[in-house]
Number of protein chains: 2
Amino acid sequence: MSTLGLKLRELREQAGLSLRKAATQVDIDVAILSKMERGERKFSKELVLKLADLYKADSDKLIIDFLSEKVLYELEDEDFGLEALKVAEKQLKYRKQKNV
Amino acid sequence: MSTLGLKLRELREQAGLSLRKAATQVDIDVAILSKMERGERKFSKELVLKLADLYKADSDKLIIDFLSEKVLYELEDEDFGLEALKVAEKQLKYRKQKNV
DNA sequence: TTCGTGTTGACTATTTATGTCAAAGGTAAT
DNA sequence: ATTACCTTTGACATAAATAGTCAACACGAA
């Protein structure tokens with residue numbers, strides 16, 4: 001289940017754009033956008049930004065979803081996923097503070 | 001800075017094994033293990049498990065480090081990395097509970 | 001029918017990741 | 001100074017994952 005794909009599909013529909021039109025605007029093939037919205041292919045960060053712009057949506061939130069989806073993809077079916085996230089978080093906070 | 005690499009190097013030394021010997025035991029090229037310990041190449045999960053076994057070390061902890069490193073790699077230089085981790089964590093907890 | 005919609009699959013190309021190998025340079029003992 | 005280890009390095013080949021292209025399909029509305 002790709003929540004990012006669903007969100008971007010909704011946003012596209014709210015913007016009143018067909019797949020083809022949206023795809024043309026962001027300069028990719030329709031097939032790819034279709035697959036991305038349905039979670040069959042991954043979005044790239046650049047594309048998410050382009051689409052956010054096109055749909056006049058909050059790009060920060062979409063990027064956060066994009067990243068979290070990437071992270072979850074790495075951790076799927078891992079017994080220690082949650083623990084790994086905790087460790088990663090600690091590390092990230094440390095790096096942010098100490099600028100390492 | 002690869003903390004996993006450093007840890008595995010220490011464990012190897014504590015086990016009194018040279019790079020060559022360790023590499024032979026886990027059936028990979030010395031060059032690769034050398035690069036992995038210094039963070040120049042990524043470990044695979046399977047290799048981490050093999051090494052944990054060889055060094056008689058706690059594989060769970062090493063796997064957690066391995067995963068967290070993977071996650072951090074995806075997030076490096078991202079402005080919203082921390083926010084993304086929070087979202088991912090929430091999702092993961094939800095999935096774990098609901099078994100989705 | 002024709003038009004616009006989304007979906008599918010086969011195919012190619014490109015980019016990353018992984019593996020192999022030979023050589024270099026260090027250190028210590030003989 | 002040669003032998004015997006060790007680790008590191010880089011160039012190269014191979015394999016796998018990802019991304020892009022294209023044509024055709026199915027559906028419903030005009």
Side-chain angles (χ1 to χ4, degrees), chain A residues 1-52 54-55 62-63 65-78, chain B residues 1-52 54-55 62-63 65-78:
Chain A
M1 70 84 157
S2 165
T3 169
L4 179 61
L6 290 179
K7 280 188 191 174
L8 283 169
R9 167 151 292 189
E10 279 179 20
L11 286 167
R12 175 174 61 77
E13 286 167 351
Q14 281 166 23
L17 291 167
S18 72
L19 259 187
R20 283 191 164 78
K21 291 208 177 128
T24 303
Q25 295 284 334
V26 296
D27 203 42
I28 58 167
D29 193 285
V30 199
I32 296 181
L33 188 54
S34 168
K35 285 168 187 166
M36 284 175 168
E37 287 188 352
R38 285 170 301 111
E40 208 179 299
R41 288 221 186 167
K42 291 183 213 156
F43 287 95
S44 70
K45 190 183 169 188
E46 291 63 39
L47 185 59
V48 173
L49 290 172
K50 278 189 190 178
L51 291 174
L54 178 61
Y55 304 154
L62 289 171
I63 288 298
D65 280 351
F66 164 72
L67 291 173
S68 106
E69 208 157 273
K70 244 185 12 171
V71 164
L72 286 170
Y73 180 79
E74 302 285 336
L75 296 179
E76 67 182 353
D77 305 324
E78 288 294 343
Chain B
M1 67 82 159
S2 164
T3 171
L4 180 62
L6 291 179
K7 280 186 191 175
L8 283 169
R9 167 152 291 189
E10 280 179 19
L11 287 168
R12 174 173 61 77
E13 287 166 351
Q14 281 167 22
L17 290 168
S18 73
L19 259 187
R20 274 178 208 285
K21 292 211 177 127
T24 303
Q25 295 285 333
V26 296
D27 203 42
I28 59 168
D29 192 287
V30 196
I32 296 181
L33 187 54
S34 169
K35 286 168 187 166
M36 283 174 167
E37 287 189 352
R38 286 171 300 111
E40 209 179 299
R41 289 219 185 169
K42 291 183 212 155
F43 286 95
S44 72
K45 190 183 169 189
E46 290 65 37
L47 185 58
V48 173
L49 291 172
K50 279 189 188 176
L51 291 173
L54 179 60
Y55 304 152
L62 288 171
I63 288 298
D65 280 351
F66 164 72
L67 292 173
S68 107
E69 208 158 274
K70 246 188 5 175
V71 164
L72 287 170
Y73 180 79
E74 300 286 335
L75 262 33
E76 68 183 353
D77 305 325
E78 288 293 344

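Note that the structure is predicted; figures quoted are calculated from it, not measured. Per chain, numbering begins at 1; letters A, B, ... match sequence-line order.
- When the side-chain nitrogen and oxygen atoms of A:Ser34 are compared with OP1 and OP2 of C:dT7, one or more of them lie within a distance under 4.0 Å.
- Atom-to-atom, CG of B:Leu47 to P of C:dT18 comes out at 11 Å; the value is rounded to the nearest Å.
- Mapping B:Arg9 and A:Ala31 onto DNA chain D by nearest heavy atom places B:Arg9 at the nucleotide closer to the 5' end.
- Summarising the geometry, the separation between CG on B:Leu19 and P on D:dC5 is reported as 16 Å, rounded to the nearest angstrom.
- Look at CZ on A:Arg41: it is 11 Å from P on D:dT21, rounded to the nearest Å.
- Rounding to the nearest 0.5 angstrom, the gap separating the OH atom in B:Tyr55 from the CZ atom in B:Arg9 is 9.5 Å.
- Both B:Ser18 and B:Glu40 lie near DNA chain D, and the one whose nearest nucleotide falls closer to the 5' end is B:Ser18.
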**Request:** Run the numbers on B:Arg38 and B:Ser34 for side-chain hydrogen bond (donor to acceptor under 3.5 Å, both in side chains), then give the verdict.
**Result:** CA-CA 6 Å; B:Arg38 286 171 300 111; B:Ser34 169; 2.9 Å; yes
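- Separating the CD1 atom of B:Ile32 from the P atom of D:dT7 is a distance of 16 Å, rounded to the nearest angstrom.
- Close to D:dA19, at under 4.0 Å from its OP1 or OP2, lies no side-chain N or O of A:Lys42.
- The distance from atom CG of B:Asp27 to atom P of C:dG19 is 10 Å, rounded to the nearest whole Å.
- Rounded to a whole Å, the NZ atom of B:Lys70 is 13 Å from the C1' atom of C:dA17.
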**Item:** Criterion side chain to side chain contact (heavy atoms under 4.5 Å, CB included) on A:Lys45 and A:Ile63, from CA distance to verdict
**Value:** CA-CA 7 Å; A:Lys45 190 183 169 188; A:Ile63 288 298; 3.8 Å; yes
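- Taking atom CG on B:Leu33 and atom P on C:dG19, their separation rounds to 12 Å, with Å as the unit.
- Interface remark: the A:Arg38 side chain does not form any donor-acceptor pair with the C:dG6 base, using a distance-only criterion of under 3.5 Å.
- Residues A:Leu54 and A:Gln25 share a closest heavy-atom pair of CD2-CB, 3.7 Å.
- Below the 3.5 angstrom threshold, one finds a donor paired with an acceptor across the side chain of A:Arg20 and the base of C:dG6.
- Nearest-nucleotide positions on DNA chain C place A:Arg12 closer to the 5' end than the other of A:Arg12 and A:Lys35.
- For the pair B:Leu11 and B:Leu51, the minimum side-chain heavy-atom distance is 4.5 Å or more.
- Atom pair B:Asp29:CG and D:dT9:C1' shows a separation of 12 Å (rounding to whole Å applied).
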